[in-house]
Structures are given as structure tokens and as C-alpha cells.
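Below: the structure, in C-alpha cells.
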Amino acid sequence: MKTRRDIIYQAYSELGIAEYNFDISPEELANARRRLDSMMAQWEAIVSMGYYMPSDPDESDLDDLTNLPDSVCDAVALNLALQLAPGLGKTPSTLTMVGAKNGKNAALAQFAVIPQKQYSSNLPVGSGNKPLPGWNGFFRPKKVITVTENGPALQNDNGDPFTESP
């Protein structure tokens, strides 16, 4: 995991302002930290990535861990570079802009949660499934199995496997 400082320096180096060539002032670092926190607040509103968000924007420290996986840090740094560029009088390259867009889409897709949905009971199962006695050829709701002290038990089980659960 990276710290906020690592991501900010990576964003500055993407803009051609490397730490070893230019002295980045504490005010510029504080501005970049605020922009990073606000950008991640926007991303966290879309999908939860686990970014450590302070309760007060001025309480976060540059050396705090971001709690982001390494697969997302490059996308965050590229998007931060796009936000910092106008204030520094820099024009980001086309590769930076495309990489930022693709990285953000990939990062949001990585953490997207696809909800589970059960087939409706009036949906035909298709021609590849052979009918069983007492089966009408439609999907039925699955029975939920719970584990009790006496072993597995089916909820709403009436003993007949060919009848639907309520």
C-alpha cells in the first residue's frame, strides 16, 4: 500500500515535476493532498474502494496509508495529475489523459458489485434440460439450506422436491 505522499509525488512526476529536480513546497503538497482527498471522496461516492477518508479534510497526513490496492494507485495518480496540471501551468500529455480515463474505468469496475438475482418462476429453462416427473419446465426458487446443531436443514421444506417453496 502506498501513502498519500507517494501518490502525490507520482502525480507530480507524471507532469514532469520530479521530486529530485524541483522542490515542491509544503503549500503545494497540502493543496495536492486536499485535491486527492476530494477526488477520492467523489470516487468513493460511486463505489467503495476502501480509501482511508479522514473525518476532517485538514486532519489527513501525507504519510497516512491510503488503504488502496496497488492495482488502483496508478489510476489515482494519473487522475490527480490531471487535476493538478492547470494550477501548475502544465498541459498533460494525451497518453496521460487516456491512461487516466482507462485507469479510472478499470478501478471502478474492479470494485463494482453485481447484485445477485434469481430467475423468475415463469422463465422457461430451455430445450437442453430434460423434464422430470412433476416438473413443469420452468425455473423454481432455490431452497435455502441452513446449518443447525442437528445438521443441514432446508427452510420451508415440505419433503417434496418437486413443489415450489413459498
> Are any non-hydrogen side-chain atoms of R5 and R33 less than 4.5 angstrom apart?
Replying inline: no
>> One thing to verify: whether R4 and D37 come together as a salt bridge, which I'm taking to mean a side-chain N less than 4.0 angstrom from a carboxylate O.
In response: yes
> For T3 and D63, which heavy atoms make the closest approach, and how far apart are they?
Replying inline: CG2-O, 3.7 Å
>> The test is side chain to side chain contact (heavy atoms under 4.5 Å, CB included); show your working for Y12 and I8 and say whether it passes.
In response: CA-CA 6 Å; Y12 275 118; I8 290 170; 3.6 Å; yes
> Mind checking whether P69 and F111 have side chains closer than 4.5 Å, heavy atoms only?
Replying inline: yes
Donor-acceptor pairs are to be reported for all side-chain atoms of residues 71-88 against protein atoms at under 3.5 Å, with residues two or more places apart or in another chain.
unit_1 : atom_1 : unit_2 : atom_2 : d
S71    : OG     : Q110   : OE1    : 3.2
S71    : OG     : Q110   : NE2    : 3.2
D74    : OD1    : Q10    : NE2    : 2.6
N79    : ND2    : A75    : O      : 2.8
N79    : ND2    : A100   : O      : 3.1

>> Test side chain to side chain contact (heavy atoms under 4.5 Å, CB included) on L36 and M39; report intermediate values, then the result.
In response: CA-CA 5 Å; L36 174 63; M39 180 182 74; 4.1 Å; yes
>> Run the side chain to side chain contact (heavy atoms under 4.5 Å, CB included) test on Y9 and L29 for me, step by step, so that the C-alpha distance in whole Å, both residues' side-chain angles and the decisive distance to 0.1 Å come before the verdict.
In response: CA-CA 9 Å; Y9 282 152; L29 287 174; 3.9 Å; yes
>> Going by side-chain contact (heavy atoms from CB on, under 4.5 Å), name the residues that satisfy it together with E59, two or more places apart in sequence or in a different chain.
In response: S55, D56
Show every donor-acceptor pair shorter than 3.5 Å between a side-chain atom in residues 90-99 and any protein atom, with sequence neighbours excluded, or say none if there are none.
unit_1 : atom_1 : unit_2 : atom_2 : d
S93    : OG     : T96    : N      : 3.2
S93    : OG     : T96    : OG1    : 2.9
T96    : OG1    : E14    : OE2    : 2.7

>> On a heavy-atom basis, which atom in Y51 and which in E44 lie closest, and how many Å separate them?
In response: N-OE2, 3.0 Å
> Which is it for L68 and K2 under the side chain to side chain contact (heavy atoms under 4.5 Å, CB included) test, yes or no, and what are the steps along the way?
Replying inline: CA-CA 7 Å; L68 291 173; K2 293 186 177 182; over 6 Å; no
>> If we ignore hydrogens and angles and just use 3.5 Å, is the side chain of D64 paired with the main-chain N or O of D61 as donor and acceptor?
In response: yes
>> My understanding is that a hydrophobic cluster links ILVMFWY residues whose side chain heavy atoms are under 4.5 Å apart, including indirect links. Using that, what else belongs to the cluster containing L65?
In response: M1
> Quick one: side-chain contact (heavy atoms from CB on, under 4.5 Å) partners of A106, sequence neighbours excluded?
Replying inline: none
>> Test question: given the 4.5 Å side-chain rule for I, L, V, M, F, W and Y, name all other residues clustered with Y52, or answer none.
In response: none
